[in-house]
Protein chains: 2
Amino acid sequence: MIGQTERYENIINKLRSDGFRITPQRLSIIKVLISDTSHPSIERVYNQVKTDFPTTSLATIYKTVAMLKDMGELMEISLGDGSNRVDGYTPDPHPHLICTRCKKIVDADVDEVNAVNTALSQTYGFKITGHRLDFFGLCPECQNHSKN
Amino acid sequence: MIGQTERYENIINKLRSDGFRITPQRLSIIKVLISDTSHPSIERVYNQVKTDFPTTSLATIYKTVAMLKDMGELMEISLGDGSNRVDGYTPDPHPHLICTRCKKIVDADVDEVNAVNTALSQTYGFKITGHRLDFFGLCPECQNHSKN
DNA sequence: TTTTCTGCAAATGCTTTGCATGGGA
DNA sequence: TCCCATGCAAAGCATTTGCAGAAAA
């Protein structure tokens with residue numbers, strides 16, 4: 001796991017070498033994405049960026065997120081109910097634990113995932129390039145006061 | 001794994017005991033869903049049902065699919081690109097292998113998934129009630145003629 | 001100066017909803 | 001008969017697109 005500052009520099013350099021322009025909006029969006037560990041919605045990213053750039057539009061957020069996604073710098077997480085979230089904090093694939101009550105999303109990291117990956121490649125002949133592993137359930141907090 | 005006929009009966013009985021009415025449209029939709037192994041889109045289900053009931057509306061398909069989803073009889077699979085598919089063939093959670101080139105979806109079944117499940121519960125304290133495991137990559141066929 | 005990016009607004013596409021009619025129970 | 005279900009059309013909503021002006025290189 002590399003530091004945030006280094007990661008930020010890397011992304012900027014990649015943008016530059018890919019011929020993309022470095023705009024203040026993009027810098028702001030990248031900053032928010034790599035520092036927000038809460039798996040924010042696009043709307044939430046938008047609101048955070050707007051504190052820097054009040055004139056920023058939602059469309060720009062969408063475009064930049066799509067660009068970074070193409071570059072492999074972030075993942076999209078789709079909740080069960082149709083809504084989407086962005087995970088730019090850790091670009092490497094990893095499972096998510098999604099609390100169906102409070103909608104909290106926790107990054108999980110267990111070795112067994114690699115075993116599944118290997119087993120699937122060998123059994124089905126797929127060349128796996130990515131995965132989305134979402135586990136739905138109740139987080140420890142919600143297991144207690146979940147009388148509803 | 002139970003037979004299709006038995007599964008069909010089970011769903012009908014469950015509908016009845018839950019106070020839902022048995023309509024020819026519902027029967028037709030259920031038949032299509034539990035027999036179609038291709039992980040069809042809603043649109044595809046719609047077209048198949050229309051051969052039985054030409055007057056069927058998309059809205060009815062959506063409503064029935066939502067009902068069956070609530071009953072736990074089917075899953076929704078979200079492809080990377082925003083489009084959704086329905087998996088009503090096997091109601092038990094299982095990983096999907098999604099080919100990003102030809103959009104084929106393969107049901108996978110590997111023991112290692114249970115190990116991941118257990119590890120997550122123990123490590124993070126979540127009470128896991130469901131999961132959606134999508135692996136993206138290239139199927140064996142597309143690995144060959146994928147020069148594009 | 002050239003070309004890309006931004007931001008607005010309109011368009012899109014999937015899904016849901018309201019409501020009058022039809023049809024199970 | 002009573003209500004739920006259907007099907008149409010309209011509404012909703014998140015996301016995408018077109019385009020004129022702004023800004024990076």
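Below, chain A is the first sequence line, B the second, and so on; all start at residue 1. Predicted, not measured: the structure shown is a model, and the values here were computed from it.
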[X] [atom1] to [N] [atom2], straight-line distance once rounded to whole Å:
X: Lys69(B); N: dT15(C); atom1: NZ; atom2: C1'; result: 11 Å
X: Ile61(B); N: dT15(C); atom1: CD1; atom2: P; result: 12 Å
X: Tyr62(A); N: dA10(C); atom1: OH; atom2: C1'; result: 16 Å
X: Asn84(B); N: dA14(D); atom1: CG; atom2: C1'; result: 13 Å

Original post:
Taking side chain as C-beta onward, heavy atoms only, is Asp87(B) less than 4.5 Å from Asp107(B)?
Top reply: yes
**OP:** Can you sort out which residues in residues 12-34 of chain A have a heavy atom within less than 4.0 Å of DNA chain C? Ascending by number, please.
**Re:** Phe20(A), Arg21(A), Thr23(A), Gln25(A), Arg26(A)
**OP:** Kindly state which residues belonging to residues 40-58 of chain A come within less than 4.0 angstrom of DNA chain C, counting heavy atoms of the residue only, listed by number.
**Re:** Thr55(A), Thr56(A), Ser57(A)
[X] with [Y]: basic N within carboxylate O range, under 4.0 Å:
X: Glu141(A); Y: Lys104(A); result: yes
X: Asp36(A); Y: Arg44(A); result: yes
X: Glu76(B); Y: Arg85(B); result: no

Subject >> Interatomic distance, Gln48(B) atom CD to Lys31(B) atom NZ [nearest 0.5 angstrom] >> reply: 13.0 Å
Original post:
How long is the span from the CD1 atom in Ile128(B) to the CZ atom in Phe136(A), to the nearest 0.5 Å?
Top reply: 11.0 Å
Subject >> Selected nucleotide, minimal atom distance to Thr60(B) side chain, candidates dC8(C), dT6(D), dT15(D) >> reply: dT6(D)
Original post:
Of the nucleotides dT15(C), dT6(D), dT6(C), which one has an atom closest to the side chain of Lys63(B)?
Top reply: dT6(D)
Original post:
Between the main-chain N or O of Thr60(B) and the side-chain N or O of Thr64(B), is there a donor-acceptor pair closer than 3.5 Å?
Top reply: yes
Original post:
Does the pair Thr123(B) and Asp109(A) meet the rule for a side chain to side chain contact (heavy atoms under 4.5 Å, CB included), with working shown?
Top reply: CA-CA 9 Å; Thr123(B) 309; Asp109(A) 190 14; over 6 Å; no
